[in-house]
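Encoded as structure tokens, the structure appears first; notes follow it.
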Protein chains: 4
Amino acid sequence: MARTIGSHGPKTMEAIRKAGLKLIYEHGFEAMSLRQLASEVGIQVGSLYNHITTKEDLLYDLIKVHMDELFRQFAEIRAETDHLEPVERLKAFIAFHVTYHILRKREVFIGYSELRSLEPNHYEEIVALRRQYERHLIQILREGESLGLFRFGDASVAAYGILTMLTGVCTWFRPHGRLTKEQVIATYSDMVLTGLAPQNR
Amino acid sequence: MARTIGSHGPKTMEAIRKAGLKLIYEHGFEAMSLRQLASEVGIQVGSLYNHITTKEDLLYDLIKVHMDELFRQFAEIRAETDHLEPVERLKAFIAFHVTYHILRKREVFIGYSELRSLEPNHYEEIVALRRQYERHLIQILREGESLGLFRFGDASVAAYGILTMLTGVCTWFRPHGRLTKEQVIATYSDMVLTGLAPQNR
Amino acid sequence: MARTIGSHGPKTMEAIRKAGLKLIYEHGFEAMSLRQLASEVGIQVGSLYNHITTKEDLLYDLIKVHMDELFRQFAEIRAETDHLEPVERLKAFIAFHVTYHILRKREVFIGYSELRSLEPNHYEEIVALRRQYERHLIQILREGESLGLFRFGDASVAAYGILTMLTGVCTWFRPHGRLTKEQVIATYSDMVLTGLAPQNR
Amino acid sequence: MARTIGSHGPKTMEAIRKAGLKLIYEHGFEAMSLRQLASEVGIQVGSLYNHITTKEDLLYDLIKVHMDELFRQFAEIRAETDHLEPVERLKAFIAFHVTYHILRKREVFIGYSELRSLEPNHYEEIVALRRQYERHLIQILREGESLGLFRFGDASVAAYGILTMLTGVCTWFRPHGRLTKEQVIATYSDMVLTGLAPQNR
DNA sequence: TATGAATGAGTGTTCATTCAT
DNA sequence: TATGAATGAACACTCATTCAT
């Protein structure tokens, strides 16, 4: 009763994206063959080309959709917290970032590790989106600094450090492991906010 | 009439390792072909096999040598700082880790991103070495906590967070860029130590 | 713009088997390259893999089909001669064996000489089939012996000797040579039956 | 205390021939690599070329030496039996042929199965020697026929049949198996002589 | 839209052979 | 004579992609 062989209609593309996500996450983009992918979907390799244009295009699509979704959800968070002070906005950012990266660990992982397999145009586009996302955090840090709420050597270095630390969660977090998502958020939120606090140099 | 071009003798292996490091860093292990590698070294592709046993073995060799060197240098640091209190040992760890990861950014990057291309035995060995390295940091954190010097939610989460943040430096640091290595170390050292400080919850 | 040269569809597999039979017979399995084979068929080497799984699998297929055909034809002979006495059944066996080995000399030759290139499982299967075939001859000899029609030192040795002699015909017989197939059968039939006759020790 | 690594002096060639015989018998000439051979001998692959000129030449040498030895021993037998009548000479031939083929099963096997890997000149030479050997048997048969001692359809067919049967012994005979060499000789000698006997048509 | 058969370039690896040391 | 490093061609096999059906 397993996967329907010879899947039809508009569901096929969704099956391809799902299988592609899984295989690229597990083996890497270069190491995944379209034969594997077709086999996972339950169609012949030639049939893939009724749904994708090239292998690279599938990768771009997966990453682009993920970035769009990241921005869409982030826009909601910002709308809700725009009027708050930097400390609260930073807390909200941390909670959002960790949550998203735990729930979408495969998309996120691919979005970092397989960037170099993108064509130049696609690569530039995704990197630009990532930069834009990073600037939102830098902006929060700078506002907090100018209000005397945060203190750090360099805003970019601090932001990269924070982002790297938070993103790293998707490489080791296990859904039903020793710690809950909330505990991880609390630990990091506390560490980051304390680490930026001005009073104790 | 053979051998008119290319390097000879014991130097060849060193050239292969150097070129392999460069190409794997730039294109990824899967995407690097042995023809590229041989061409970079200036020998025929078959000649590679006078020096390596398999492509995977070259990868393992590069990572293993890097891990051994990491441990060798780290042992020196520990010998120098073993008698100091946790705060000083943490500072020394941060300075060492960042320095090493800036100087050996390619080895470090490969050591993380290409692990999945290792054979199971090699994979296990390298992951075990990495765990051992991580435990040293966890140990410092735990000692500091028991002396009331540090405070954090969970030692492993904190250690992973710190390590990820520090390691991330090798993805964006540029040797002659806006910031010196010392500035980066100072920023992170300050952020980490402040973030772990107990007085301001 | 693809596929301008070479054969299509279900005929290709038959062309591969035919060319494979010829090339393996002429050069040996190890010495035949898939490039030769593809060239003989008129397709690209990669296209072979739309029809075969491995080179060894082609060899196994050729030998297995030949063994199956041998058994199929032999079953007919047995059905026709089952009710006869051993002398007549031995004559029928000799005539059948020589005829088949002359008509299928290439399959037969490969079926002996290339066995060692088969994977262990395939090797065991083919050897078991051959043993089964041999036992039919041994059975005829034993029945004849118990009726006092044949006499020999050891049934297996006699059977192997007879089979080897008869099989050898495929290494030197030339279809339009000095002797007809019937003459060869007569010579061997006479020699074997006389050789087994009890009256003249 | 195994094989001396870096074997020296005139013994090396003998070690190469011995190892070559074993490996070609086990894997076939095409399937044996000079790396395997060198490893078996305990030297480096390049060193082989101080003793052989090409891989094919080693094969030719093994077969030629075997054929020369066959002729040398056969000459002795003929000297001893030249004055006897055909029946006795045939018995001597059978005993000699079976004995030699049992003791030198590997040389004999290679001498048949790897002929096609010889260069044309070498191939012709060996085949000519084999024809010469066969003619001795044909001569015995013809003499016996003209004396009314033997009867057969065609001398060549009979000789090929007898030779094939006797030679086949080297594919299934096991030195310490169910039957002794003498039993095999007796069985075949009886079968052949009876099979050629004129009295019972 | 799915299939199956094709392309042609590419993969890691092995080969027999050469030769300076 | 032995070594180790080289050559260049070859190996079986896989790849992403195309396209008539």
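In what follows, chains carry the letters A, B, and so on, assigned in the order in which the sequence lines appear, proteins first and then strands, with residues in each chain numbered from 1. These figures come from a predicted structure and were not determined experimentally.
- Atom OH of B:Y123 has 12 or fewer heavy atoms from other residues, nucleotides or ligands within 6.0 Å.
- Atom CD of C:E30 and atom P of E:dT14 are 15 Å apart (whole Å).
- Here F:dA10 presents its P atom at 15 Å from NE2 of C:H27, a figure rounded to the nearest Å.
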- Query: Reading DNA chain F 5' to 3', how would its secondary structure be written in dot-bracket notation, given Watson-Crick and G-U pairs with both distances under 3.5 Å, brackets [ ] for crossing pairs and | for partners on other strands?
  - Reply: .||||||||||||||||||||

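- When all heavy atoms are compared, the tightest approach of A:I24 to A:M32 is CG1-SD, 3.7 Å.
- Mapped onto DNA chain F by nearest heavy atom, C:L34 and A:K55 fall at different nucleotides, with C:L34 at the one closer to the 5' end.
- With sequence neighbours excluded, no residue forms a salt bridge (charged side-chain N to carboxylate O under 4.0 Å, His left out) with D:K105.
- Summarising the geometry, the separation between CE on C:M32 and P on F:dA10 is reported as 17 Å, rounded to the nearest angstrom.
- Distance OH (B:Y49) to C1' (F:dT7): 16 Å, rounded to an integer number of Å.
- Place C:T53 and A:I52 on DNA chain F by their nearest nucleotides, and C:T53 ends up nearer the 5' end.
- Taking side-chain N and O atoms only, C:H51 has no distance below 4.0 Å to OP1 or OP2 of E:dG4.
- Salt bridge status for D:E14 with D:K11: absent, with no side-chain N to carboxylate O gap under 4.0 Å.
- Between the P atom of E:dA6 and the CG atom of C:L48 lies a distance of 9 Å, rounded to the nearest Å.
- Residue A:E119 comes nearest to A:E56 through the heavy atom pair N-OE2, 2.8 Å, listed as atom of the first residue, atom of the second, then distance.
- The distance between atom CD of D:Q36 and atom P of E:dT13, rounded to the nearest whole Å, is 18 Å.
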- Task: Evaluate side-chain contact (heavy atoms from CB on, under 4.5 Å) for C:F29 paired with C:K55, printing each intermediate quantity in order.
- Result: CA-CA 9 Å; C:F29 177 73; C:K55 190 188 177 194; 3.6 Å; yes

- Query: Should D:D68 and D:R72 be marked as a salt bridge (charged side-chain N to carboxylate O under 4.0 Å, His left out) after you check the CA-CA gap, both sets of side-chain angles, and the distance that decides it?
  - Reply: CA-CA 6 Å; D:D68 288 347; D:R72 198 189 60 72; over 6 Å; no

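- Ring geometry for B:H122 versus B:Y60: interplanar angle under 30°, hence parallel rather than tilted (30 to 60°).
- OP1 or OP2 of F:dA2 sits under 4.0 Å from a side-chain N or O of D:T12.
- Heavy atoms only, all atoms of each residue included: A:I43 and A:S47 are closest at CD1-CB, 3.9 Å.
- Atom CG of B:N50 is separated from atom C1' of F:dA6 by 7 Å (rounded to the nearest Å).
- Distance, B:I24 CD1 to E:dG12 P: 11 Å, rounded to whole Å.
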Sort me out a list of protein N/O and nucleotides 8-10 of chain E N/O pairs below 3.5 Å, or just none if empty.
none

